[in-house]
Amino acid sequence: MNMSRRFTLSCAAFCAALALGAAAQAQTKELTFAHQDMLVPLRLVMESGEVEKATGYKINWRMFSGGGDVIRAMASGDVQMGETGSSPLTAAASQGQDIKLFWISADIADAEALIARNASGITSMKDLKGKKVATPFVSTAHYQLMAGMKMDGVDPKTVNVMNMRPPEIAAAWERGDIDATFIWDPVLSRIRSGGKTIATSGSIGKRGAPTFEGIVVNAKWAAANEPFMIAFVKALNRANEEYKASGKSWTPDSPQTKAMAKWTKADPKDVGAAMALYGFPTLAEQVSPTWLGGGAAKAMANTAVFLKEQGRVQEVKADYSGFVTTAYVEKAMAK
């Protein structure tokens with residue numbers, strides 16, 4: 001082969017390598033985010049497209065029925081970031097999944113509840129014996145249902161606790177197939193009028209079993225995409241501040257309410273009352289000892305004990321703080 005021919009091929013190979021490198025770099029500016037149907041300010045960020053505009057990233061928003069599904073998708077590598085409750089998060093951490101909790105999207109407070117059908121004869125936790133109670137397994141609702149029964153001396157073996165996803169619970173309630181459910185909105189709003197509230201996540205949390213909703217990320221992906229992480233945290237905080245400033249005045253026709261309903265499939269008339277049941281921590285509260293600064297890891301440790309009792313994890317780690325980070329919130333606060 002003559003020199004010019006070799007040079008031409010070398011140039012072609014070099015240019016091809018550059019193109020592949022550029023394509024790989026471009027691919028890193030894309031992520032898949034697994035969201036659920038909770039009524040939290042994140043939906044305003046999803047609707048506005050502000051993070052995409054600020055960073056140039058493409059975000060594929062994919063809806064999942066529960067935190068367990070989110071965690072499994074992240075474990076498979078199909079999803080880089082997602083929102084999940086403290087129970088599925090703890091299960092993933094206990095199994096050593098390489099994830100970081102970096103944002104508390106909601107203090108669940110009274111946003112999840114145990115509702116008993118009016119005709120069920122259930123007026124307290126003790127009345128659950130022999131009844132059919134549905135909840136998504138390994139969810140925060142499942143954790144609190146079991147914690148509440150334990151606190152009130154109810155043997156879980158005497159209760160028919162059924163594993164159902166939220167849409168399945170709504171359908172089962174309509175058919176009359178279940179006596180009670182521990183669930184969140186939008187299903188909670190649909191069924192509340194036909195039942196009695198026996199306990200809430202807030203009431204059980206105050207007795208020693210608090211829960212939260214958080215946003216988790218693949219740790220390696222986050223480290224490689226720090227500017228995006230900081231921009232995303234800023235957008236999350238902006239949405240929280242918007243809700244705090246004007247949320248009480250939103251009507252079913254407000255653009256914010258319509259955005260919330262669009263991304264969660266909730267009825268617009270239920271959005272305001274449902275969001276009022278949550279607490280949305282500020283940036284300073286995020287990094288405080290209550291949440292990312294210690295409280296979240298402690299809640300995970302307590303949840304892990306429950307999950308082991310349920311046979312959902314094999315090991316309870318001595319410390320869960322390695323799965324929680326304040327770094328991105330702190331950097332967002334500094335800019």
Side-chain angles (χ1 to χ4, degrees), residues 31 33 35-57 59 61 81-86 100-111 184-186 201-202 210-217 222 225-264 266 268 270-296 324-335:
L31 76 151
F33 188 107
H35 71 94
Q36 296 187 60
D37 57 3
M38 293 84 70
L39 290 158
V40 295
L42 166 61
R43 310 298 166 235
L44 303 180
V45 174
M46 295 164 66
E47 180 67 13
S48 70
E50 63 196 271
V51 180
E52 293 94 321
K53 294 169 189 171
T55 64
Y57 279 59
I59 304 177
W61 303 104
M81 191 182 296
E83 59 183 337
T84 183
S86 44
K100 294 281 188 182
L101 170 71
F102 70 93
W103 184 259
I104 303 295
S105 51
D107 171 2
I108 293 178
D110 291 324
W184 54 85
D185 277 296
S201 42
T211 53
F212 60 85
E213 297 291 348
I215 302 181
V216 297
V217 64
N225 295 271
E226 185 176 290
F228 175 90
M229 296 296 299
I230 296 170
F232 190 51
V233 165
K234 286 184 173 181
L236 290 167
N237 185 61
R238 183 212 61 76
N240 274 10
E241 293 299 324
E242 180 179 352
Y243 173 73
K244 288 180 181 178
S246 64
K248 290 182 180 178
S249 65
W250 295 354
T251 69
D253 292 324
S254 296
Q256 296 97 329
T257 303
K258 289 180 178 179
M260 300 294 299
K262 168 187 169 181
W263 289 99
T264 63
D270 296 329
V271 169
M275 290 190 74
L277 299 174
Y278 288 101
F280 305 113
T282 63
L283 282 177
E285 289 168 343
Q286 291 281 340
V287 297
S288 74
T290 301
W291 295 116
L292 300 177
V324 182
T325 180
T326 60
Y328 303 113
V329 174
E330 288 171 344
K331 288 176 181 178
M333 293 172 73
K335 287 195 175 184

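Quick caveat: nothing in here was measured; it's all calculated off a predicted structure.
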> Do you know which two heavy atoms are closest between A239 and V45, and how far apart they sit?
Replying inline: CB-CG2, 3.7 Å

> Could you state the interatomic distance from NZ (K234) to CG (L283), rounded to the nearest 0.5 Å?
Replying inline: 10.0 Å

>> Does any part of the side chain of M260, heavy atoms only, come nearer than 4.5 Å to the side chain of L44, both counted from C-beta?
In response: yes

> What residues form a side chain to side chain donor-acceptor pair (under 3.5 Å) with N237, not counting sequence neighbours?
Replying inline: none

> Applying the ring-ring contact (aromatic ring centres under 6.0 Å, His included) test to F228, which of Y57, F33, Y328, F102 qualifies?
Replying inline: Y57

> W184 versus D37: any side-chain heavy-atom pair under 4.5 Å?
Replying inline: yes

>> Looking at every heavy atom in both T264 and M38, which two are closest together, and how far apart are they?
In response: CG2-O, 3.6 Å

>> Give me the atom names and distance for the closest heavy-atom approach of A332 to I230.
In response: CA-CG2, 3.9 Å

> How long is the span from the CG atom in L292 to the NZ atom in K100, to the nearest 0.5 Å?
Replying inline: 11.5 Å

> If you measure from CH2 on W263 to CE on M46, what distance do you get to the nearest 0.5 Å?
Replying inline: 4.5 Å

>> Between T282 and E285 (side chain of the first, backbone of the second, donor and acceptor by atom type, cut-off under 3.5 Å), is there such a pair?
In response: yes

>> Measuring only between side-chain heavy atoms, which start at C-beta, is I104 closer than 4.5 Å to T290?
In response: no

> Looking at NE2 of H35 and OG1 of T84, how far apart are the two atoms once the value is rounded to the nearest 0.5 Å?
Replying inline: 14.0 Å

> How many angstroms lie between OG1 in T211 and CG in D107, if you round to the nearest 0.5 Å?
Replying inline: 7.5 Å

>> Can you list everything that forms a side chain to side chain donor-acceptor pair (under 3.5 Å) with D185? Sequence neighbours excluded, please.
In response: S189

>> Rounded at 0.5 Å granularity, tell me how far CD in Q36 sits from CZ in R43.
In response: 8.0 Å

>> Please enumerate all residues that pass side chain to side chain donor-acceptor pair (under 3.5 Å) together with Q256, with sequence neighbours excluded.
In response: E242

>> Within the structure provided, determine whether K331 and E226 are in side-chain contact (heavy-atom separation under 4.5 Å).
In response: yes

> Are M275 and P41 side-chain neighbours, meaning at least one heavy-atom pair lies under 4.5 Å?
Replying inline: yes

>> Could you check whether any side-chain heavy atom of E47 comes within less than 4.5 Å of a side-chain heavy atom of K258, counting everything from C-beta outward?
In response: no

> Considering only heavy atoms from C-beta outward, does the side chain of V40 approach that of E213 to under 4.5 Å?
Replying inline: no

> What pair of heavy atoms forms the shortest contact from T251 to T257, and how long is it?
Replying inline: O-OG1, 2.8 Å

> Do you know which two heavy atoms are closest between S105 and F280, and how far apart they sit?
Replying inline: O-CD2, 3.2 Å

> Going by heavy atoms in the side chains, are L31 and F232 under 4.5 Å from each other?
Replying inline: no

> How far apart are the closest heavy atoms of P268 and P252, and which atoms are they?
Replying inline: CB-O, 3.7 Å

